[in-house]
Amino acid sequence: MLQIAACLAGIFFLLVISEILGRQKNLRGDPQRKFVHITAGVFIAFWPWLISWRSIEWIGVAMLAIVLLNHRVKLVDFHSKIKRDTYGDIFFALAVILIPLITNQKIFFALTILIMSLADGLASLVGQRYGQKWRYKVFHHNKTVIGSMTLWFVSLCVLAVGVLFAHDLISFRAYVALLLALPPILVIVENITLMGLDNLAMPLVVLLALNLAR
């Protein structure tokens with residue numbers, strides 16, 4: 001019970017910090033949303049070593065209920081400064097619920113959430129900050145070359161380090177194949193999924209690839 005309380009308190013603390021930064025206008029719009037996306041995702045990735053799978057699922061259900069409510073009554077202001085429709089927070093919560101239902105490998109859960117939070121979050125921030133001169137469109141949505149390359153590079157780094165901890169499950173040949181094939185696939189998935197659906201699609205693709213490699 002103490003570990004569950006710590007997990008809930010950690011998420012609440014990150015939301016409070018985000019809200020304070022938003023009210024002080026240090027973070028607004030996408031940077032504020034990505035702050036929560038990255039920090040909460042990194043924290044959640046290590047939950048399997050703290051609490052049970054069932055606890056993670058129920059916390060995910062609570063997260064889903066809260067973000068659905070937030071879309072109606074604006075408990076926390078993530079979206080008012082974003083100039084597009086996005087439901088990424090909903091799909092994020094769905095990923096936290098579904099991944100424990102599909103796998104019981106702690107390292108697989110960690111890798112899926114880390115790639116979704118770190119790679120996707122940093123790709124968005126770097127792309128918006130440095131990539132505006134090299135842009136392309138997918139389904140009438142702007143993408144940046146630098147953002148896509150950031151997604152590829154961070155995914156590669158997370159896999160290169162993280163899969164080493166699954167050496168008893170994944171062979172060296174499969175490890176190399178994952179490093180070569182999965183990051184570019186994730187870039188494609190991120191490009192073709194809209195309105196925040198990548199927060200669910202990317203973890204599912206990573207989990208599928210890890211299970212195939214296994």
Pairwise distance [atom1]([X]) to [atom2]([Y]) - rounded to 0.5 angstrom:
X    : Y    : atom1 : atom2 : answer
L98  : T112 : CG    : OG1   : 11.0 Å
C157 : L179 : SG    : CG    : 10.0 Å
F91  : L200 : CZ    : CG    : 7.0 Å
L14  : T39  : CG    : OG1   : 4.0 Å
T103 : F109 : OG1   : CZ    : 10.0 Å
K34  : D120 : NZ    : CG    : 4.5 Å

Show every donor-acceptor pair shorter than 3.5 Å between a side-chain atom in residues 160-177 and any protein atom, with sequence neighbours excluded, or say none if there are none.
from : atom 1 : to   : atom 2 : distance (Å)
S171 : OG     : A174 : N      : 3.2
Y175 : OH     : A160 : O      : 2.7

Please check this pair: side chain of H37 against backbone of L122, looking for a donor-acceptor N/O pair closer than 3.5 Å.
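Here the side-chain-to-backbone pair does not exist.
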Closest non-hydrogen atom pair, [X] against [Y]:
X    : Y    : result
A201 : T193 : CB-CG2, 3.9 Å
I38  : S117 : CG1-O, 3.5 Å
L151 : V187 : CD2-CA, 3.7 Å
P183 : W152 : CB-CD1, 3.3 Å
G41  : I113 : O-CG2, 3.2 Å
I99  : P203 : CD1-CB, 4.0 Å

Side-chain donor-acceptor pairs of residues 49-65 under 3.5 Å, sequence neighbours excluded:
from : atom 1 : to  : atom 2 : distance (Å)
S52  : OG     : S55 : N      : 3.1
S52  : OG     : S55 : OG     : 2.9

Please identify which of these residues, L94, V189, I102, meets the side-chain contact (heavy atoms from CB on, under 4.5 Å) condition with L204.
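One option only clears the test, and that one is I102.
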State, with a plain yes or no, whether a side-chain heavy atom of [X] is found less than 4.5 Å away from one of [Y].
X    : Y    : value
L111 : L210 : yes
N191 : S148 : yes
D198 : I192 : no
Q105 : N211 : no
R214 : F108 : yes
I115 : V154 : no
I44  : F92  : yes

For residues [X] and [Y]: do they belong to one hydrophobic cluster (side chain heavy atoms under 4.5 Å, members Ile, Leu, Val, Met, Phe, Trp, Tyr)?
X    : Y    : value
V126 : F153 : no
I97  : M202 : yes
I11  : L8   : yes
V205 : L118 : yes
I4   : L2   : no

Partner residues of K143 under the salt bridge (Lys or Arg N to Asp or Glu O under 4.0 Å) criterion, sequence neighbours left out:
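Per chain and number, K143 pairs via salt bridge (Lys or Arg N to Asp or Glu O under 4.0 Å) with E190.
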Using the rule given for side chain to side chain contact (heavy atoms under 4.5 Å, CB included), can you reason through I17 versus F35, listing the C-alpha separation, both sets of side-chain angles and the distance that settles it, and then say yes or no?
CA-CA 10 Å; I17 293 297; F35 170 81; 3.7 Å; yes
Could R33 and D89 be called an ion pair, given the rule that one side-chain N must be under 4.0 Å from one carboxylate O?
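Salt bridge absent between R33 and D89.
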